[in-house]
Amino acid sequence: MPELPEVENVRRSLIPHLVGHTIRSASLLRPDICTTDSGHPPSPASLLCDATIDRIERKGKQLAVIATDGRVLSIHLGMTGQVLARATPPDPSEKHVHALWTTSTNPSNPSFILFKDPRRFGGLWTFPSIASLHALRWSLLGPDALDAPPDAWSAALRRGHRPIKAALLDQTSVAGVGNIYADEALFRTGIRPTTSTHRLTIAAATALAANVQALLAQAVEAGGSTLRDYRNADGVAGTQQLERHVYGRSSRTCLRCGSPLQTAQVGQRTTVWCPKCQPARTIRSDSVKH
DNA sequence: AGGATAGCCTGCGGGC
DNA sequence: TGCCCGCAGGCTATCC
C-alpha cells in the first residue's frame with residue numbers, strides 16, 4: 001500500500017522514463033478511473049498525448065506529470081495503484097491495466113508506461129494547466145509532510161476537536177500521512193492516538209511533526225517500505241522493510257517494553273498502540289529520537 | 001462548518 | 001479443497 005515514501009520513490013523512478021520524453025500515444029482502458037477538470041470524457045490530448053514531459057511533482061500522496069506546454073496529468077495510487085515502465089506492451093490477459101502510454105524519443109524503440117490498480121481506489125486527474133491543478137486539487141491539501149518544515153504544520157495538528165490520529169490522517173492538515181506512519185510516529189513520540197487535539201501541547205505537536213517527517217524521510221531512503229504489492233516504476237520492491245513498532249502488530253507485544261499492544265478503531269482506521277509507552281495522560285514531548 | 005459516516009473495490013488469509 | 005467472510009484503507013460524497 002503506497003504511502004508518501006512509496007509515492008516519492010515512484011516519482012523518482014519515473015523520471016528517467018518520462019522527463020524529456022514525448023508521449024506518442026495514450027489510451028484509457030477504464031475510462032471511469034479518470035476525472036477531467038471539465039467533466040467531459042478525457043481526450044488523448046488531456047492524457048498528455050503528443051506532450052513532452054518537463055517534470056514530475058508530488059504533493060502528499062499525489063503525483064503530477066507536467067508537460068512543457070503546461071498540461072498536467074495527476075496520478076493517485078490509492079491503495080494498490082502502480083505505475084510501471086516496460087520495454088514491451090502488456091499482455092492482453094494482464095488484469096487491471098487501466099491506462100497505457102507509449103513514450104519514446106525513438107519511435108523504433110518505444111517504451112510503455114502502465115497504470116495498474118486492482119482495487120481502483122487510485123485514478124487519473126487531468127488539468128489543462130498547473131494553475132488548474134493547484135486551484136482544483138492541491139490547494140485543498142495541507143503542506144507536504146516530507147518537504148515542508150514541521151513548524152509549518154505542527155499547529156494544524158492541534159486544530160479542531162478530534163483524536164490526534166484523525167488530525168494526522170486529515171490531508172488538509174498535512175499532506176501525505178497514512179495509517180502506517182501515523183501509528184508509528186505516535187508511538188515514537190509517546191502519544192496515545194486517542195488523545196484529543198485540544199489537549200495536545202504545542203511541544204508535543206512539534207515533537208510529533210518532527211517524528212512524522214523523520215520517519216517519512218527514513219522510509220524514502222529505504223526505497224519505500226514493501227507492503228503487499230508496492231513496486232516502483234521499474235517493478236522493484238522497497239529494499240528493506242523498516243522496523244514497525246505498532247502498525248500491523250495487533251495482538252502482539254511492544255518491542256520496547258513487552259506490554260500487550262492495544263487495538264481499536266480511531267478516526268475510522270485500525271489503530272495500534274502500546275498502553276505503557278503511549279500513556280493516556282502524560283504526553284512525553286521529550287521523546288524525539290534521531 | 002466541521003466532524004462523522006458510508007461507499008467504493010479486489011485480493012488474501014483464516015476458519016470451517 | 002473450497003467456500004465464505006472479514007479486513008485492508010485513500011479519498012469523495014453525503015449527512016448531521
Side-chain angles (χ1 to χ4, degrees), chain A residues 1-8 10-11 29-37 39 58-64 74-83 93-99 115-127 133 136-142 144-146 155-186 193-200 212 216 219 224-231 237 241 244 246-252 261 263-272:
Chain A
M1 53 195 76
E3 293 215 24
L4 185 151
E6 291 73 45
V7 176
E8 174 60 17
V10 170
R11 188 189 73 82
L29 290 78
R30 289 273 323 204
D32 56 332
I33 60 126
C34 185
T35 306
T36 62
D37 67 301
R58 177 191 59 76
K59 185 159 188 184
K61 287 173 274 200
Q62 308 184 11
L63 290 173
S74 180
I75 303 174
H76 302 203
L77 300 180
M79 280 293 295
T80 53
Q82 298 178 337
V83 186
S93 66
E94 186 169 348
K95 294 174 78 175
H96 311 308
V97 178
H98 305 316
F115 176 71
K116 228 177 135 166
D117 185 12
R119 294 267 284 281
R120 302 210 298 277
F121 274 29
L124 308 176
W125 276 256
T126 69
F127 302 94
L133 165 74
L136 296 173
R137 303 282 298 186
W138 282 11
S139 65
L140 308 176
L141 298 175
D144 183 75
L146 182 67
L157 297 179
R158 302 175 69 233
R159 222 169 42 203
H161 284 60
R162 51 186 171 169
I164 179 58
K165 165 87 181 253
L168 275 172
L169 294 178
D170 181 351
Q171 302 296 301
T172 69
S173 302
V174 57
V177 184
N179 207 28
I180 300 173
Y181 296 100
D183 277 12
E184 293 299 324
L186 286 164
T194 50
T195 306
S196 292
T197 47
H198 70 278
R199 293 196 61 247
L200 200 68
V212 166
L216 290 173
S225 52
T226 303
L227 284 174
R228 300 227 171 96
D229 37 16
Y230 161 68
R231 294 290 185 278
Q241 179 76 61
R244 286 184 270 117
V246 282
Y247 179 86
R249 301 197 67 251
S250 180
S251 76
R252 300 178 68 183
L261 295 177
T263 304
Q265 292 286 120
V266 181
Q268 287 72 244
R269 286 290 174 273
T270 298
T271 304
V272 186

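The structure presented is a predicted model; accordingly, all values stated were derived computationally and were not measured. Protein chains get the first letters and strands the later ones, always in sequence-line order, with residue 1 at the start of each.
The pair A:R269-A:D183 does not count as a salt bridge, with every side-chain nitrogen at least 4.0 angstrom from each carboxylate oxygen.
What separates CD1 of A:I164 from C1' of B:dG3 is a distance of 15 Å, to the nearest Å. Between the CD1 atom of A:I33 and the C1' atom of B:dT10 there is a distance of 15 Å, rounded to whole Å. Atom CG in A:D170 sits roughly 15 Å away from atom P in B:dT5 (whole-Å rounding). The distance from atom CG of A:D183 to atom P of C:dA8 is 11 Å, rounded to the nearest whole Å. The distance from atom CZ of A:R30 to atom C1' of B:dT10 is 12 Å, rounded to the nearest whole Å. In this structure, the CG atom of A:D117 is 14 Å from the C1' atom of C:dA8, given to the nearest Å. When rounded to the nearest whole Å, the span between CH2 of A:W138 and C1' of C:dC11 equals 16 Å. Distance CE (A:M79) to P (C:dC11): 11 Å, rounded to an integer number of Å.
At B:dC8, none of the side-chain N or O atoms of A:R120 fall inside 4.0 Å of OP1 or OP2 (strictly under the cut-off). For B:dG11, one of the phosphate oxygens OP1 or OP2 lies less than 4.0 angstrom from a side-chain nitrogen or oxygen of A:H96. Regarding contacts with the backbone of C:dA8, every side-chain N or O of A:Y247 stays at 4.0 angstrom or more from both OP1 and OP2. Residue A:R269 places at least one side-chain N or O closer than 4.0 Å to OP1 or OP2 of C:dG10. For the pair A:T80 and B:dT10, the criterion of a side-chain N or O lying under 4.0 Å from OP1 or OP2 is not met. Put simply, A:K95 has a side-chain N or O that comes within less than 4.0 Å of OP1 or OP2 on B:dG11.
You won't find any donor-acceptor pair under 3.5 Å spanning the side chain of A:R119 and the base of B:dG11, going by distance alone. In this model, no side-chain donor or acceptor of A:R162 finds a partner on the base of B:dA4 within 3.5 Å.
Between A:E8 and A:L216 there is no side-chain heavy-atom pair separated by less than 4.5 Å. Within the 4.5 Å cutoff, side-chain heavy atoms of A:F115 are placed close to those of A:I33. Contact annotation: the side chain of A:T80 never approaches that of A:H96 to less than 4.5 Å [non-hydrogen atoms, C-beta and beyond]. Residues A:D117 and A:R30 fail the side-chain proximity criterion, which asks for heavy atoms closer than 4.5 Å.
Both A:H161 and A:F121 sit near DNA chain B, but only A:H161 has its closest nucleotide nearer the 5' end.
Backbone-only engagement by A:R137 is indicated by non-hydrogen atom pairs under 4.0 Å involving sugar-phosphate atoms exclusively. Within 4.0 Å of A:Q268, counting heavy atoms only, lies at least one base atom of the nucleic acid.
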